Amino acid sequence: MDAADFSALAAARHSVRSFLPDPIPQDVLVKILVDATSAPSWSNTRAFKLALAAGDRAERLRAAYGVAFDRTLTGDGAGVDGDFDVQARYPDAQRAHQIAIGKALYKHLGIERQDREARSAHARRNAEAFGAPVIGLVFVQEGMLPFSAMDAGLMLQTLFLSAKANGVDSCPIGNLAVWRSPADQEFEVPQDYKLITGFALGYASDERINDFRAERRPIEMLTPK
Ligand SMILES: Cc1cc2nc3c(=O)[nH]c(=O)nc-3n(C[C@H](O)[C@H](O)[C@H](O)COP(=O)(O)O)c2cc1C
C-alpha cells in the first residue's frame, strides 16, 4: 500500500447511518479486531474493554435502546443512566459545530427544524444503532482517564479503517452511552469500566442518509509565539 492508498482509505471512511441487516462474517470481524490491536496505547496499558453484540444479542440490545429512547421522550431525563453526561452542553465553539452538523444532516434528509416527529424518528434510529447487524460498546477504565479514553479512540479509528478496508461500514454512536443498563443486561462489565461510546458495524444500505458527508475542516493549529 502506498501513501495514496492510505489517503484514499482514510477519506473513504465516513459515518454510515443506515445499515443492511446482512451479518458480518465471523472471520472478517476477527480480522478487524486483530488490526485494532495495532493501535498505540498509553504505556501499553490499553485500559479499555470492548463489547460486541451480533445476532440475537444485537437485536435485544437494539430493542432495549428503543425502549430507553422512548422513555426520554417525556423530557424529564427519565431512564438516563449513562456513566458520563453525554448530553451536557458543549463549550460555545464546539456547540457551534454540533449545531452545524445537526442542521446539515437534517437539511440533507429534508427534515424541517419544526418537524419534531421526523427529528424524533431519526433520533430513535440513532438509538437503535441505525439497524446495524453488529453493535459495539466501548468501556474505559475510570482510574486511567483521560488516557484510557484517548487509547479507546485510537483503537476505534484503527478498527474503523480496518473495517473499511474489509468492506465493512461503521458509525461511532456516542448516543448509546446515554444509557448504561442495556449494556449491563448483556455483558459482564467490571465496576471500574465506564461506557464512553457505542458504535455500529455493517454494510451500508443505499438510503439517501448515507450520501451525507460531514465537512472535513483542517486541523486547528496553534500560532507559534
Ligand atoms: C465518539 C463519537 C460519537 C459519535 N456519535 C454519533 C451519534 O450518536 N450519531 C451520529 O449520527 N453520529 C455520531 N458520530 C459521528 C460524527 O457525527 C462524525 O464522525 C462526524 O460528523 C464526522 O463525519 P464522518 O465520520 O462521516 O467523517 C460520532 C462520532 C464520534 C467520534
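These figures come from a predicted structure and were not determined experimentally. Ligands are counted one by one from 1 in listed order, and the atoms in each one are counted from 1 as well. One-based numbering along the sequence shown.
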Distance-minimising heavy-atom pair for Glu207 and Ser18: OE2-OG, 3.1 Å

Pairs meeting criterion ring pair (Phe, Tyr, Trp, His ring centres under 6.0 Å) with involvement of residues 154-175, two or more places apart: Phe160-Phe199

4.0 Å heavy-atom contact, Arg13 with ligand 1: yes

Phe212 heavy atom under 4.0 Å from ligand 1: no

I need the atoms of ligand 1 closer than 4.0 Å to a non-hydrogen atom of [X], numbered in the order shown.
X	value
Gly174	3 (C), 4 (C), 5 (N), 6 (C), 7 (C), 8 (O)
Asn126	7 (C), 8 (O), 9 (N), 10 (C), 11 (O)
Ile101	21 (O)
Ala214	21 (O), 22 (C), 23 (O)
His14	26 (O)

Residue and atom name of the nearest protein heavy atom (relative to [atom]), distance in Å to one decimal:
atom	answer
atom 1 (C) of ligand 1	Thr197 OG1, 3.9 Å
atom 27 (O) of ligand 1	Arg216 NH2, 2.7 Å
atom 15 (C) of ligand 1	Ser15 OG, 3.5 Å
atom 12 (N) of ligand 1	Arg17 NH2, 3.3 Å

Evaluation steps, side chain to side chain contact (heavy atoms under 4.5 Å, CB included), between Ile173 and Tyr65: CA-CA 12 Å; Ile173 309 185; Tyr65 283 126; over 6 Å; no

CZ/Arg60: more than 12 non-hydrogen atoms of other groups inside 6.0 Å: yes

Whether over 12 other heavy atoms sit under 6.0 Å from Arg213 CZ: yes

At under 4.0 Å between heavy atoms, is it the side chain or the backbone of [X] that contacts ligand 1, or both, or neither?
X	value
Ile173	both
Phe199	neither
Arg213	neither

Aromatic ring pairing Phe69/Trp179, orientation class (parallel under 30°, perpendicular over 60°, tilted between): perpendicular

Taking the side chain as everything from C-beta on, heavy atoms only, tell me whether [X] gets closer than 4.5 Å to [Y].
X	Y	answer
Asp83	Glu142	no
Thr37	Arg46	yes
Leu61	Leu137	yes

Steps toward salt bridge (Lys or Arg N to Asp or Glu O under 4.0 Å) verdict (Glu128, Arg125): CA-CA 5 Å; Glu128 292 176 334; Arg125 282 195 288 277; over 6 Å; no

Check: Pro172 N/O within less than 3.5 Å of ligand 1 N/O: yes

